[in-house]
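Everything below concerns the one structure shown next.
Since this is a predicted model, take the numbers as computed values, not measurements. Numbers restart at 1 for each chain; the letters A, B, ... are given by sequence-line order, proteins then strands.
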Amino acid sequence: MADKKHLYLVDGSAYIFRAYHRLPPLTDPEGTPVGAVYGYTTMLWKLAEDLDKAEGPTHLAVILDKSSHSFRNEIYDQYKANRPAPPEDLVPQFPLIRDATRAFSLPCIEEPDVEADDMIASYARAAQAQGWDVTIVSSDKDLMQLVGEKDGARIDMLDTMKSARIYIEEVEEKFGVPPEKVGDVLALMGDSVDNIPGIFGVGPKTASKLIAEHGDLTAALDSAEDMKKSKLKERLLEHRADAELSRILVTLKEDCPLPVALEDMKLDGVPPGPLAQFLEKHGFTSLLRRLDAGAGSPGRPTELNPAKQENASAPANAEGSRQPLPEMPKVDRSAYECVQSIERLEHWIERARAARLVAIDTETSALDSMAADLVGISLALGPNDACYIPLAHGGTDMFAEKPDQVSLDAALSALRPLLASDAVIKVLHNGKYDLNVLSRYDVEVAPVEDTMVISFDLDAGRGLDGIGGGHGMDELAERHLGHTCIAFKEVCGTGKKAIPFGEVPLDKATEYAAEDADVTWRLYQHLKRRLPDEGGAAIYERVDRPLVPVVARMEQRGIEVDRARLAKLSEEFATETGRLEKEIHALAGAEFTVGSPKQLGDVLFDTLGYKGGKKGKSGQYSTDQSVLERLSGEGAEIADKVLEWRQLSKLKSTYTDALQDAINPKTGRVHTSYSLVGAQTGRLSSTDPNLQNIPIRTEIGRQIREAFVAEEGNVLLAADYSQIELRLAAHMADVGPLKDAFANGEDIHARTATEMFGEVTRDTRARAKTINFAILYGISRWGLAGRLKVEPDEAQAMIDTYFQRFPGIQRYILETLERVRERGYSETLFGRKTWFPRISSKNQAERQGSERAAINAPIQGTSADIIKRAMVRMDEALVNAGLDKVRMLLQVHDELVFELPEGDVERASKVIEEVMAGAAGPAVSLDVPLGVEIGTGKSWGAAH
DNA sequence: CGGATCACG
DNA sequence: GACGTACGTGATCCGA
């Protein structure tokens, strides 16, 4: 059998999707993403190296999907219908897969209207008929139908990522049936990714049980008649036709015409010339070195150069030399064009298509993207190569003559295809804003790069003394380009004299607006190239960049609030604060402004003579909650009244009044604005209004949550990660007892109490909870002493006990600080960096503050990464499950709020739970489970 | 416009 | 010897 032929068929398209998600987003020297291509190249290399080995290939071919269309679409128009678009940085890698295959001088087969699976099946059968062994390099479950032996010729599969051979036993283990029955199981269970219906409500377990029991699909479906009454019986009877259709869809076509003869797939070593060229072009220098290291082209190991077990996973970008920054002349505003005719606009659009990358900025009538009207759009294709397209200038004065400009409709019609084109990258600065504005004009923008977000992913926290910390365009232009942008104030004025942008004369407007696009283009060149070198590519490409359109959609959806309910609360709060104010004045013996901490301090500690007043550096008495609570404990009635007054007045001004004003008149809903660069740790922040600090902790505040409601016929669903930061701390610091407690679903604070105090009572559990949080925040004996109302010595004893019981914690703290001191930044599990320039400050308070923040940042930041990953995947997962009416509305750090039809609750809960709980994988595998708690109700309050 | 206060995770 | 004590946010009010 020495000369037995063995054909390897590589399922190339499936491979690159998996490689994309498994590997970091590398780029080549030209800036093209090549992570998946790199994985693919090393995989081919390894296969070719196995030439002439016992189970290695004698023949090899790569099969790719040319189009998603096949005979299956003819019989079922929904086939693969809801498959989402591939990620933006994967798209440019598809053609490179072909280049890589050719570089190995391997046949690459792709036929129109034939799916790769069918082609693989046809080749496998053809080879088997000739007595060849066949290995299918894939882990696609559909292809498992082919596994087995016929006339002494064997077909197996190879999952290269898991280095696992798949044969009959493995298939049986997965499906509970032999390979030839796999199609029957698949027909029952369906496939959400390919949109194969199957039987609704039947999953892999039930499907394989039914087939194992009855032999095949028809028998299983027939058996339903004799079943006793059950949900399963109903479903089998009702959806029989779906299953029968699915059976056809999952059947592989084994008789496709074969464009390349089997003999022509002979693997005879890889000619090194074209391969070297390809490796060089994309900066795969570690592979290139192996190639040069001898006659070491893969598949042709020589006596002198036995195949090495070298680790080939070195990042491509770290090896290749970077392309130089394009030459950038100084900003010259006189070079900008004001586009005032459709012909000129079309000319720019044409050029943008050719350039494949365009920086864009929109000018509007207001700061609020959900209320602003479009006034103009600017484009930039290179330094000083920029234009402004005025669209609604001179609109406010009906009698004034309007300047020449392209009509809004005509311009948008011309721009729409460009802005939606996969082939042209749109670079924006704070793209979420432009996405929101343009979306209201039915303009879709994709794919998007965002220079504000790139800057954040590179430089979060890097500012010192308020300089250089922000990510606004003007600031970045100063920092990276040494250029001072025209200030908005200079163009539109300030205060009462401010004019809307639409009133700015076109020459001035062009200079301002086109400059923004020009600067955005330049910043992109500066910042994007730093991402791979400085380790920011993964967090940007996999988390923050895909998050931009997701968050934009959430902002656009907004949430309904019950105005009448808020108004009623406002009124109640007003009455009550008025009453309290009178009582406070009476107790003080004088009228004063209760809301003035200064006046209140004087009243309490001077006029009324209460003891223990402490003045801060502003020279005024502190009157905060803790002070008032102490006075109240000493019997000061006025302190109670002030506390109550403060609570109600806060709720009224910040929430019940302000939220009514925040209702958008057009949509009738409240649209917050999330900042992706607001919090140094990577959390989102929410403004205008802030919907991340709606009251919940007190009963009276909670009523405000009742005013956040679902639309008619819908409910709100709130999904919370439970104790996510503590779970992450347990994982990151490798704390055995805490990990065990989470694995067993224990009450974590109770467990801590047991470890610390030997018993769980209300008191010890509360103390344990405080200590757990203190740990996350970077503890000091005085801080803990203050919180627990004990002496610092006692607090120190508790900290010692904690470190003793949970030994990983202290090591985590010390190691984290050491790394931050050494490198200047902390890192999350997903590689997000936060910089701490004050970690070595000579000012002790400053330094210690930085240390506490640095201990907390990896934990808080990892939690932020995880929920962001969940958000990025959520819409696709819901749509795949047929839940396209479920809308994600809000994010509150460890909570996502959805609005959905009542009937979808059960299925949506399952999908949401799965996505959230699984959001760390596959990039990170946690030692602790992520718990998710879900509640639903007509209001946000009721959903908790 | 900064400080004090307090709403949230 | 003094400092100042829990991480991350944003909104509102007062008063200079």
Requested in this report: Look at the aromatic rings of H471(A) and F456(A) and report parallel, tilted or perpendicular, splitting at 30° and 60°.
Outcome: perpendicular
**Report entry** Sidechain-backbone polar pair: W835(A) side chain, L458(A) backbone, donor-acceptor under 3.5 Å
**Finding:** yes
Query raised in the report: If you draw a 6.0 Å radius around CG in L814(A), do more than 12 non-hydrogen atoms from other residues or ligands fall strictly inside?
Result: yes
Query raised in the report: P atom, dG4(C) versus dC8(B): distance in rounded Å?
Result: 29 Å
Query raised in the report: Partners of D734(A) by salt bridge (Lys or Arg N to Asp or Glu O under 4.0 Å), sequence neighbours excluded?
Result: K739(A)
Query raised in the report: Going by the angle between their ring planes, with limits at 30° and 60°, are H944(A) and W940(A) parallel, tilted or perpendicular?
Result: tilted
Query - Per-nucleotide protein contact string for nucleotides 4-9 of chain B (B base, S sugar-phosphate only, - none; heavy atom under 4.0 Å) - result: SSBBBB
Query raised in the report: Reckon S686(A) touches a base, only the sugar-phosphate, or nothing at all at heavy-atom distances under 4.0 Å?
Result: sugar-phosphate
Query raised in the report: For N843(A), which contact category applies under a 4.0 Å heavy-atom criterion: base, sugar-phosphate, or nothing?
Result: nothing
Query raised in the report: With sugar-phosphate meaning primed atoms plus P, OP1 and OP2, does S780(A) contact a base, only sugar-phosphate, or nothing at under 4.0 Å between heavy atoms?
Result: base
Report summary line: Stems for DNA chain C (at least 3 consecutive Watson-Crick or G-U pairs, under 3.5 Å) come to B:1-9 with C:7-15
Query raised in the report: Under 4.0 angstrom, heavy atoms only, what part of the nucleic acid is T770(A) near: base, sugar-phosphate, or nothing?
Result: base
**Report entry** Short N-O contact, E706(A) and R702(A), less than 4.0 angstrom
**Finding:** no
Report summary line: Value for CG (N843(A)) from CD (Q848(A)), rounded to nearest 0.5 Å, stands at 9.0 Å
Requested in this report: Look at atom CZ of R873(A) and say whether more than 12 heavy atoms of other residues, nucleotides or ligands are closer to it than 6.0 Å.
Outcome: yes
Query - Interface residues of residues 791-808 of chain A with DNA chain C (non-hydrogen, below 4.0 angstrom) - result: none
Query - Within residues 821-833 of chain A, residues whose heavy atoms come under 4.0 Å of DNA chain C - result: none
Report task. Walk along DNA chain C from 5' to 3' and tell me the first and last nucleotide with an atom closer than 4.0 Å to a non-hydrogen atom of chain A. Result -> dC3(C) to dG15(C)
Query raised in the report: What is the nucleic acid contact for A785(A), judged by heavy atoms within less than 4.0 Å: base, sugar-phosphate only, or nothing?
Result: nothing
Query raised in the report: Looking only at atom P, what distance separates dA7(B) and dC3(C), rounded to whole Å?
Result: 30 Å
